[in-house]
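Heads up, the thing below is written out as structure tokens.
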Amino acid sequence: MLTLTDIRTKRDELIEALAKRQFNAAPILDRIIELDEQRRQTQTQLDNLLSEANNIARSIGQLMKEGKHSEAEGMKVRTTAIKEESAGLKDMLNGIDDDLKAQLYLVPNAPYKLVPSGKSEHDNQTMDTFGEIPDLGTQALPHWELTQKYDLIDFELGTKITGAGFPVYKGKGARLQRALIQFFLDEANNSGYTEYLPPHMVNEDSAFGTGQLPDKEGQMYHDAADNLYLIPTAEVPLTNIYRDVLLKEDDFPIKMCGYTPCFRREAGSYGKDVRGLNRLHQFDKVEIVQIEHPDRSYETLEQMVLHVKGLLTKLELPYRTLRLCGGDMGFASAMTYDMEVYSTAQQRWLEVSSISNFETFQANRLKCRYKTKDGKSQLAHTLNGSALALPRIVAALLENHQTENGIRIPKALVPYTGFEYIN
RNA sequence: GGAGAGGUGGCAGAGUGGUAAUGCAGCAGCCUGCUAAGCUGUGACCGGGUUACUGGUCCCUGGGUUCGAGUCCCAGUCUCUCCGCCA
């Protein structure tokens with residue numbers, strides 16, 4: 001959520017930035033400014049009234065002490081009137097406040113200056129491309145055939161046990177999952193990220209803090225009995241570690257990583273995009289999260305991209321980096337890089353990581369602040385990225401490294417799998 | 001699930017219904033020829049004022065009683081201890 005201070009002082013700038021998302025901000029921002037103005041006026045009125053009531057109560061106390069009871073009784077008349085009046089103002093203030101919040105929740109984050117304007121994925125900027133796309137000719141099998149051929153993943157068994165989108169990993173397929181998780185966590189640890197193993201369910205406050213609520217309720221599995229949500233990503237529990245926290249300036253940077261399964265209802269998805277491992281209801285992911293000083297958050301974003309590039313290089317996968325255009329970015333992000341690997345058999349790029357700087361958008365909801373040298377509280381910047389999401393990595397590994405002798409495991413991963421080939 | 005105790009500032013910790021002690025840490029300033037110590041100021045949030053300054057809110061949450069609630073009443077919630085159940 002944008003801060004009121006920014007909306008008040010940088011209205012025109014924000015409107016211009018939000019236009020890059022094709023978001024017409026002027027009407028709603030002006031409405032917010034108007035409500036904010038009303039709120040402050042009402043509050044001043046209420047404060048004055050309460051101030052008067054406080055003074056009277058003080059005087060009555062004094063008179064009682066001095067034994068002037070009848071005089072004290074006389075003053076109570078005025079306080080009765082004040083009580084009614086202030087109750088009315090309080091209701092009005094709450095009403096305005098609710099309206100104001102409702103409006104604020106509707107405004108997405110303002111794209112950073114480097115973000116290109118655009119409507120859809122077609123307007124994204126390709127920053128770089130690495131690695132060679134192997135020439136597998138017409139022999140190349142898609143991963144959903146490879147997993148069957150080598151008995152690595154049983155999609156139908158998952159459907160029987162749970163439902164579509166819940167695959168069962170088996171044998172070397174299960175082992176490969178575990179190896180990748182371990183590899184990603186080790187790499188993150190080596191880059192200075194502190195490992196966490198957080199809860200896989202979160203409460204309402206946490207889901208709100210990172211922006212899943214109130215909007216994207218339908219994307220999460222919800223346990224109504226206890227009002228808990230299954231996490232759609234480790235970002236939610238990890239970032240919420242710093243909800244309602246007041247940091248010191250030298251606490252930065254805060255670097256966290258964690259492996260969790262991720263649960264997504266993916267309501268409304270269909271077609272060839274959901275084939276095989278492309279889109280699942282449950283999948284595994286290692287996430288990296290940073291909380292940074294506003295002055296350094298964009299430097300940090302680049303470092304996080306470098307970390308992910310390192311992983312993809314070690315996995316010997318062809319990949320490219322995209323800078324997302326305004327229209328393709330998530331609601332809360334100020335700038336996002338997507339990392340995509342090439343799926344040889346499907347002949348398309350698959351998103352395996354999304355790395356974003358949220359600036360103060362999440363921190364404002366989380367109340368994650370730090371104290372400056374001169375004692376002022378400022379909102380911190382939050383960032384996160386996948387490092388990495390497993391299913392599409394597995395798809396790309398299987399497809400790109402398929403040979404006549406089976407599937408070759410990249411060198412960096414062999415110590416983790418314990419085997420060099422799947423055959 | 002049952003019984004009891006408790007939730008007060010970044011932390012620790014007081015508080016007969018009269019308007020939140022004190023200590024520690026952090027930060028700012030002063031002082032001592034360095035260091036340590038010492039002295040002064042400093043809670044968070046929302047407002048008003050160009051500044052000095054100033055109003056309000058906040059003692060887990062929500063209601064209630066009262067001129068006035070950290071303190072009394074009701075409901076909820078979380079933590080701790082014990083019991084029960086259990087991997």
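Values reported hereafter were calculated over all heavy atoms of this structure, with side chains retained and with hydrogens, waters and symmetry mates removed.
One can place CG of A:Asn227 at 15 Å from C1' of B:rC78, the figure rounded to the nearest angstrom. Regarding A:Gln43, its CD atom lies at a distance of 13 Å from the P atom of B:rG49, rounded to whole Å. Distance CZ (A:Arg78) to P (B:rG68): 14 Å, rounded to an integer number of Å. Taking atom CG of A:Leu63 as the reference point, atom C1' of B:rG68 lies 13 Å away to the nearest angstrom. What separates CG of A:Asp91 from P of B:rG63 is a distance of 10 Å, to the nearest Å. Distance, A:Gln378 CD to B:rC27 P: 17 Å, rounded to whole Å. Taking atom NZ of A:Lys367 as the reference point, atom C1' of B:rC46 lies 12 Å away to the nearest angstrom. Residue A:Asp251 contributes atom CG, which lies 13 Å from atom C1' of B:rA25 at whole-angstrom precision.
Using a 4.0 Å cut-off, some side-chain N or O of A:Ser377 falls inside it from OP1 or OP2 of B:rC45. At B:rU66, none of the side-chain N or O atoms of A:Lys76 fall inside 4.0 Å of OP1 or OP2 (strictly under the cut-off). Side-chain nitrogen and oxygen atoms of A:Asn54 include none within less than 4.0 Å of the OP1 or OP2 phosphate oxygen of B:rG55. Distances shorter than 4.0 Å separate some side-chain N or O of A:Ser51 from OP1 or OP2 on B:rG56. Applying the 4.0 Å criterion to OP1 and OP2 of B:rG43, one finds that A:Lys371 has every side-chain N and O outside that range.
Cation-pi contact between A:Lys285 and A:Tyr259: absent, since separation from the ring centre below 6.0 Å together with deviation from the ring axis within 45° is not met.
Of all nucleotides present, only B:rC80 satisfies the Watson-Crick or G-U wobble test against B:rG4, with each distance under 3.5 Å. When Watson-Crick and G-U wobble pairs are counted only if both distances are under 3.5 Å, B:rC31 pairs with no nucleotide at all. Nucleotide B:rU65: unpaired (no Watson-Crick or G-U wobble partner with both distances less than 3.5 Å). Pairing for B:rA44 goes to B:rU57, judged as Watson-Crick or G-U wobble with the two contacts each under 3.5 Å. Within the shown strands, nothing qualifies as a pairing partner of B:rA52 under the Watson-Crick or G-U definition with both distances less than 3.5 Å. Partner assigned to B:rG10 is B:rC24, using Watson-Crick or G-U wobble distances below 3.5 angstrom.
For the P atom pair drawn from B:rU19 and B:rU57, the interatomic distance equals 15 Å after rounding to whole Å. Taking the P atoms as reference points, B:rG23 lies 13 Å from B:rU42, given to the whole Å. Spacing between B:rC45 and B:rC39 at atom P, rounded to whole Å, works out to 29 Å. Nucleotides B:rG43 and B:rA36 place their P atoms 25 Å apart, quoted to the nearest Å. Between the P atoms of B:rG63 and B:rU54, the separation comes to 31 Å (whole Å). Spacing of P atoms, B:rG76 relative to B:rA87, comes out at 31 Å, to the nearest Å. Across B:rA14 and B:rG84, the matching C1' atoms stand 38 Å from one another, rounded to whole Å. Comparing the same atom, C1', in B:rG56 and in B:rA5 gives a spacing of 35 Å after rounding to whole Å.
Looking only at distances, a side-chain donor or acceptor of A:Arg264 sits under 3.5 Å from a matching main-chain atom of A:Pro232.
Side-chain N/O atoms of A:Asp47 and base N/O atoms of B:rG56 include no donor-acceptor pair closer than 3.5 Å.
Between A:Phe208 and A:Tyr105, the distance separating the two ring centers is shorter than 6.0 angstrom. Between A:His307 and A:Tyr193, the gap from one ring centroid to the other is short of 6.0 Å. For an aromatic pair to be called close, the ring centres must be under 6.0 Å apart, and A:Tyr221 with A:Tyr229 fails this. For an aromatic pair to be called close, the ring centres must be under 6.0 Å apart, and A:His281 with A:Phe263 fails this.
RNA chain B is contacted by both A:Glu37 and A:Arg369; A:Arg369 maps to the nucleotide lying nearer its 5′ end (nearest heavy atom per residue). With the nearest nucleotide of RNA chain B identified for both A:Arg40 and A:Arg58, A:Arg58 has the one nearer the 5' end.
To the nearest 0.5 angstrom, A:Glu34 atom CD is 12.5 Å from A:Leu29 atom CG.
Residue A:Leu246 is out of contact with every strand shown, counting any heavy-atom pair closer than 4.0 Å. Contacts of A:Arg39 with the nucleic acid, taken as non-hydrogen atoms under 4.0 Å apart, involve only primed sugar atoms and P, OP1 or OP2.
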